[in-house]
Number of protein chains: 2
Amino acid sequence: MDNYIEQLRNHNLKATPQRTAIAHSLDNHGHLSVEQLYELLKQSFSTLSLATIYKNINIMTKNSFVSEVKIPEQKSVYELTKAKHSHFVCRNCNEVHDIAFDLDEIIQNASKKTESTIESAHLVFSGVCHQCKS
Amino acid sequence: MDNYIEQLRNHNLKATPQRTAIAHSLDNHGHLSVEQLYELLKQSFSTLSLATIYKNINIMTKNSFVSEVKIPEQKSVYELTKAKHSHFVCRNCNEVHDIAFDLDEIIQNASKKTESTIESAHLVFSGVCHQCKS
DNA sequence: TTAAATGCAAAAAATTTGCAGACGT
DNA sequence: ACGTCTGCAAATTTTTTGCATTTAA
């Protein structure tokens with residue numbers, strides 16, 4: 001992604017320097033926790049407050065500009081909202097990566113097994129990443 | 001499940017009344033949050049401490065007697081550890097239900113798309129449950 | 001009998017809130 | 001100019017810890 005200012009405005013978010021920096025960091029790093037975002041952005045904004053990160057992550061999530069990813073045994077990480085996909089987390093380095101995966105097919109399959117109406121699915125894989133194997 | 005005392009001991013956990021009650025509640029209700037467990041068990045143990053729930057959930061999770069289930073937009077719930085399965089959460093009533101689903105096939109499929117070694121998968125469906133539709 | 005569990009209180013960690021001043025539009 | 005955002009401090013919520021007493025085995 002690029003042009004964070006326009007993207008933020010499209011999501012009804014004023015484009016403050018802190019917010020464009022959050023967007024930039026998430027775009028660059030892929031997935032970051034609240035604490036990681038804070039540590040990163042403190043370098044650019046010496047007076048940055050943790051409360052600002054929380055307030056922004058909350059409103060950005062509510063406005064679908066970012067998405068929370070809940071990982072087993074770990075703190076949540078956040079990413080820029082993208083097309084539906086799944087995640088992989090390395091149990092060695094804890095890095096989170098995107099994995100393309102057709103969730104629609106899974107949803108259709110699971111729908112056959114329940115009386116409920118399934119609308120979405122969240123899938124997280126765990127294992128050992130390429131780098132950590134070597 | 002039944003015979004919680006033996007099950008607890010099999011997981012290197014002393015069978016205290018509080019622990020058998022936790023096991024019993026999880027068995028009955030399926031999925032409970034820390035707070036829900038506390039509110040439930042307080043009725044049987046007037047002096048029960050929240051710290052006891054936390055300590056027990058933590059050690060029970062570490063010893064694989066219970067498993068944490070992370071649900072999008074909600075607090076974690078806990079369940080007795082069972083054979084691998086997936087979950088469904090109703091966005092109306094927030095109830096969590098088990099869904100049988102062959103995760104191995106998904107893992108094999110996803111493995112083709114990554115250099116990483118996938119060892120496990122966590123899948124959570126969201127939608128509207130049977131009761132809430134009517 | 002002994003190591004471990006409970007309950008309480010206190011501490012620590014995580015998240016939210018209120019408000020004055022600054023800033024985006 | 002207006003409404004929103006930021007940063008700070010304080011408040012709240014969530015989770016952990018230490019310790020004296022009790023309890024399971």
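Note on naming: letters A, B, ... go to the chains in the order of the sequence lines (proteins, then strands), and numbering restarts at 1 for each one. Quantities reported herein were computed from a predicted structural model and do not represent experimental measurements.
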Exercise. Answer yes or no: are there more than 12 heavy-atom neighbours, outside B:K75 itself, under 6.0 Å from its atom NZ?
Key: no
Quiz item: What's the NE2-P distance between A:H11 and D:dT4, to the nearest Å?
Solution: 19 Å
Quiz item: Any chance NE2 of B:H97 has more than 12 other-residue heavy atoms, nucleotides or ligands included, within less than 6.0 Å?
Solution: yes
Quiz item: Are B:Y78 and B:V89 connected, step by step, through hydrophobic side chains (Ile, Leu, Val, Met, Phe, Trp, Tyr) whose heavy atoms are closer than 4.5 Å?
Solution: no
Quiz prompt | Of the listed nucleotides C:dG7, D:dA25, D:dG7, the one nearest the side chain of A:T47 | solution = D:dG7
Exercise. Take the protein atom CG of A:L8 and the nucleotide atom C1' of D:dC5, then report the distance between them rounded to whole Å.
Key: 13 Å
Quiz item: Please give, in whole Å, the distance from D:dT23 P to B:I5 CD1?
Solution: 16 Å
Quiz item: Picking from C:dT15, D:dA24, C:dG24, which would you name as closest to the side chain of B:T16?
Solution: D:dA24
Quiz item: Over how many whole Å does the gap from B:K75 atom NZ to D:dT15 atom C1' extend?
Solution: 12 Å
Exercise. Give the nucleotide from the list C:dC19, C:dT16, D:dT15 with an atom nearest to the side chain of A:A51.
Key: C:dT16
Quiz prompt | Salt-bridge present (A:K133, B:E115; N to O < 4.0 Å) | solution = no
Quiz item: Phosphate oxygens OP1/OP2 of C:dC8: is one of them under 4.0 Å from a side-chain N or O of B:S49?
Solution: no
Quiz prompt | N or O in side chain of A:K14 less than 4.0 angstrom from D:dT6 OP1/OP2 | solution = no
Quiz item: Between D:dG7 atom P and A:F45 atom CZ, what is the distance in whole Å?
Solution: 8 Å
Quiz item: Is the shortest side-chain N/O distance from B:N56 to OP1 or OP2 of C:dT6 below 4.0 Å?
Solution: yes
Quiz item: What is the distance, rounded to the nearest whole Å, between atom CG of B:L48 and atom P of C:dA9?
Solution: 14 Å
Quiz prompt | From C:dG24, D:dA24, C:dT6, nucleotide with atom closest to A:P17 side chain | solution = C:dG24
Practice problem: Using heavy atoms to find the nearest nucleotide of DNA chain D for B:L13 and B:K55 separately, return the residue whose nucleotide is more 5′. | Solution: B:K55
Exercise. Please work out if B:E35 contacts a base, only the sugar-phosphate, or nothing of the nucleic acid, heavy-atom cut-off 4.0 Å.
Key: nothing
Quiz item: What's the CG-P distance between B:L37 and D:dT15, to the nearest Å?
Solution: 12 Å
Quiz item: The side chain of B:Y54 lies closest to which of these nucleotides: C:dA5, D:dG7, D:dT15?
Solution: D:dT15
Quiz item: Which nucleotide in the list D:dT6, C:dT6, C:dT15 gets nearest to the side chain of A:L50?
Solution: C:dT15
Exercise. Starting from the 5' end of DNA chain D, give me the residue, B:N58 or A:S46, whose nearest nucleotide shows up first.
Key: A:S46
Quiz prompt | Under 4.0 angstrom between A:Q18 side-chain N/O and D:dG7 OP1 or OP2 | solution = yes
Quiz item: In whole Å, what is the span from the CZ atom of B:R19 to the C1' atom of D:dA24?
Solution: 10 Å
Practice problem: Mark yes when over 12 heavy atoms from residues, nucleotides or ligands other than A:E73 sit less than 6.0 Å from its CD; otherwise mark no. | Solution: no
Exercise. May I ask you to decide whether B:E39 forms a salt bridge with B:K42, counting only side-chain N to carboxylate O separations under 4.0 Å?
Key: yes
